[in-house]
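Structure first, commentary second.
Please read these numbers as outputs of a predicted model, since none were measured by experiment.
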Amino acid sequence: MTRFASPVSALIICVNEADMIGPCLESIDFCAEIIIVDSGSTDGTIECVQSFIARGYPIRLLHNDWPGFPRQRQFALDHATQPWCLSIDPDERVDDLLRQSIITATRTASDSMGGWYIRRRDWLKGYGYAHRWVLHNRLLRLFRREGATMDLNARVHESFGVPGETSTIESGVLLHRREISIEEDLARANSYSSLKVATLVDRGKKPGLVRLVLSPFGNFLKFYLAKRYFLCGRHGFIYSMSVMIYSYATEAKLYEASQGNDPA
C-alpha cells in the first residue's frame, strides 16, 4: 500500500520527546493523518516534527497547554478526520507485522466493529524487549473515530471507549522502548499511584484490608508467573516487583485518603 494511504489518524500527545518521536513517526507512515499535540517542548521535539513535515509526512502539529492525560488525548481526537484512529505514544513503534495487520483490519472491518486491542512489548533495561513468549499487555489503541469517547475524570491509565464490537490483533505488536532507571521508575510509580488514587476517591472507591494485603502480591504473581516475565531472568523479576510496588502504593494511599489525609 502507498505511504500515507491508510484511512487512519494517528494520535500522539507529547512534551520533550526529541529522542523518541522520530522512530515513532517513521513506523506510522501508512497513516493518512498524524495528529501531534505538544504541550510545550523545549528540547528540539518541535524541530524534529517539523523535519518530518518537510519530508511530506501528513502531520498536523498543534499546541495545547497540559490539561492532564485524558483531556489532552480528547483534544487530539477532536482534531482527527479519518474514520479510524490509532492512539500511540512517542516512545512506541508499530512493528512490521502490526503495520500490515492495521492496514488489513481497517480495510476489511465490518460495520459492527468498534476497535481492536493491540499487544505492547515492553523494553526492560539491561535485557531488551521482553521475551517473545511473555504475555504482553493488551491495550485498546485502534478504534473507529465516530462514537469514540474518553473518560475525562480519569487522571492516569486513561483509555478510549468505543461502541460496537472489539477484538484483538493477533499479528504484530507495539514496541515500547523507554529505558529508565529504577529510581525514575519508582518516582513514576509514586506519581501515577497518587493520580490513580485521586480518581478512585472521586468515584467513591473505599479501601479494603484484603486488597491492601493481597493485591500487591497478586499483581507480582500475575506478571512474573502468569504473564511469564520469569523468562526475562532477573530483569523480569525487577519489572514484576515494580508492578507490585505500584499496586501497594495505590492501595496504601487509598487507605490513607480514607482516613482524611490527601494521598502523597
So Thr168 and Arg119, side chain to side chain contact (heavy atoms under 4.5 Å, CB included) or not? Walk me through it. CA-CA 8 Å; Thr168 300; Arg119 291 188 172 89; 3.5 Å; yes
Scan side-chain atoms only and decide if [X] and [Y] contain a donor-acceptor pair under the 3.5 Å cut-off.
X: Thr250; Y: Lys196; answer: no
X: Gln72; Y: Trp66; answer: no
X: Ser258; Y: Lys206; answer: no

Quick one: does [X]'s side chain get under 4.5 Å of [Y]'s, heavy atoms only?
X: Arg73; Y: Leu11; result: no
X: His157; Y: Phe69; result: no
X: Leu152; Y: Met150; result: yes
X: Ile36; Y: Leu25; result: yes
X: Cys85; Y: Leu142; result: no
X: Arg155; Y: Asp202; result: yes
X: Phe30; Y: Gln100; result: no
X: Leu62; Y: Phe75; result: yes

Test of understanding: clusters of I, L, V, M, F, W, Y form through side-chain heavy atoms closer than 4.5 Å, transitively. Do [X] and [Y] belong to the same one?
X: Leu86; Y: Met113; result: yes
X: Leu231; Y: Leu225; result: yes
X: Val173; Y: Ile169; result: no
X: Trp133; Y: Tyr224; result: yes
X: Ile13; Y: Phe160; result: yes

From CA spacing to verdict: salt bridge (Lys or Arg N to Asp or Glu O under 4.0 Å), Arg203, Asp151: CA-CA 12 Å; Arg203 294 174 177 174; Asp151 180 2; 2.2 Å; yes
Going by side chain to side chain contact (heavy atoms under 4.5 Å, CB included), name the residues that satisfy it together with Ser159, two or more places apart in sequence or in a different chain. none
Spatial distance of atom [atom1] ([X]) from atom [atom2] ([Y]) [nearest 0.5 Å]:
X: Leu254; Y: Lys205; atom1: CG; atom2: NZ; result: 8.0 Å
X: Asp89; Y: Asp91; atom1: CG; atom2: CG; result: 5.5 Å
X: Leu186; Y: Tyr246; atom1: CG; atom2: OH; result: 13.5 Å
X: Asp38; Y: His63; atom1: CG; atom2: NE2; result: 7.0 Å
X: Arg107; Y: Ser6; atom1: CZ; atom2: OG; result: 8.0 Å
X: Ser171; Y: Leu98; atom1: OG; atom2: CG; result: 8.0 Å

For the pair Arg93 and Asp95, find out whether any cationic side-chain nitrogen is under 4.0 Å from an anionic carboxylate oxygen. no
If you measure from the Lys or Arg side-chain nitrogens to the Asp or Glu carboxylate oxygens, is any gap between Asp29 and Arg99 under 4.0 Å? yes
Check against ring-ring contact (aromatic ring centres under 6.0 Å, His included), Tyr57 and Phe4: CA-CA 8 Å; Tyr57 276 67; Phe4 315 131; 5.1 Å; yes
Would the distance check show the side chain of [X] and the main-chain N or O of [Y] forming a donor-acceptor pair, the cut-off being under 3.5 Å?
X: Ser27; Y: Val94; answer: yes
X: Thr108; Y: Thr104; answer: yes
X: Asn16; Y: Thr42; answer: yes
X: Arg144; Y: Val162; answer: no
X: Ser9; Y: Gln82; answer: yes
X: His176; Y: Arg121; answer: no
X: Arg141; Y: Ser87; answer: yes

With a sphere of 6.0 Å drawn around CZ of Arg71, does it hold more than 12 non-hydrogen atoms of other residues, nucleotides or ligands? no
CG (Leu135) with more than 12 external heavy atoms under 6.0 Å: yes
Can you tell me which residue pairs pass the side-chain hydrogen bond (donor to acceptor under 3.5 Å, both in side chains) test with a partner in residues 226-237, sequence neighbours excluded? Asn137-Lys227
Taking the ring of His136 and the ring of Tyr117, is the distance between their centroids below 6.0 Å? no
Could you go step by step and tell me if Trp116 and Leu140 meet the side chain to side chain contact (heavy atoms under 4.5 Å, CB included) rule? CA-CA 6 Å; Trp116 286 269; Leu140 184 66; 5.6 Å; no
What is the minimum heavy-atom distance between Ala18 and Cys48, and which atoms define it? O-SG, 4.5 Å
Side chain to side chain contact (heavy atoms under 4.5 Å, CB included) between Ile28 and Cys31: does it pass, once the steps are laid out? CA-CA 6 Å; Ile28 54 175; Cys31 296; 4.1 Å; yes
The residue among Lys125, Glu17, Glu92, Glu184 that forms side chain to side chain contact (heavy atoms under 4.5 Å, CB included) with Arg178 is Glu17
Going by atom type alone, with no hydrogens or angles, which donor-acceptor pairs under 3.5 Å involve a side-chain atom of residues 214-221 and a protein atom two or more places apart or on another chain?
unit_1	atom_1	unit_2	atom_2	d
Ser215	OG	Asn219	ND2	3.3
Ser215	OG	Ser247	OG	2.9
Asn219	ND2	Ser215	O	2.9
Asn219	ND2	Ser247	OG	3.2

Taking the inter-plane angle between the rings of Tyr239 and Phe223 on a 0 to 90° scale, is it parallel (under 30°), tilted (30 to 60°) or perpendicular (over 60°)? tilted
Ile12/Ile88 under side chain to side chain contact (heavy atoms under 4.5 Å, CB included): CA gap, chis, key distance, verdict: CA-CA 6 Å; Ile12 302 174; Ile88 183 170; 3.7 Å; yes
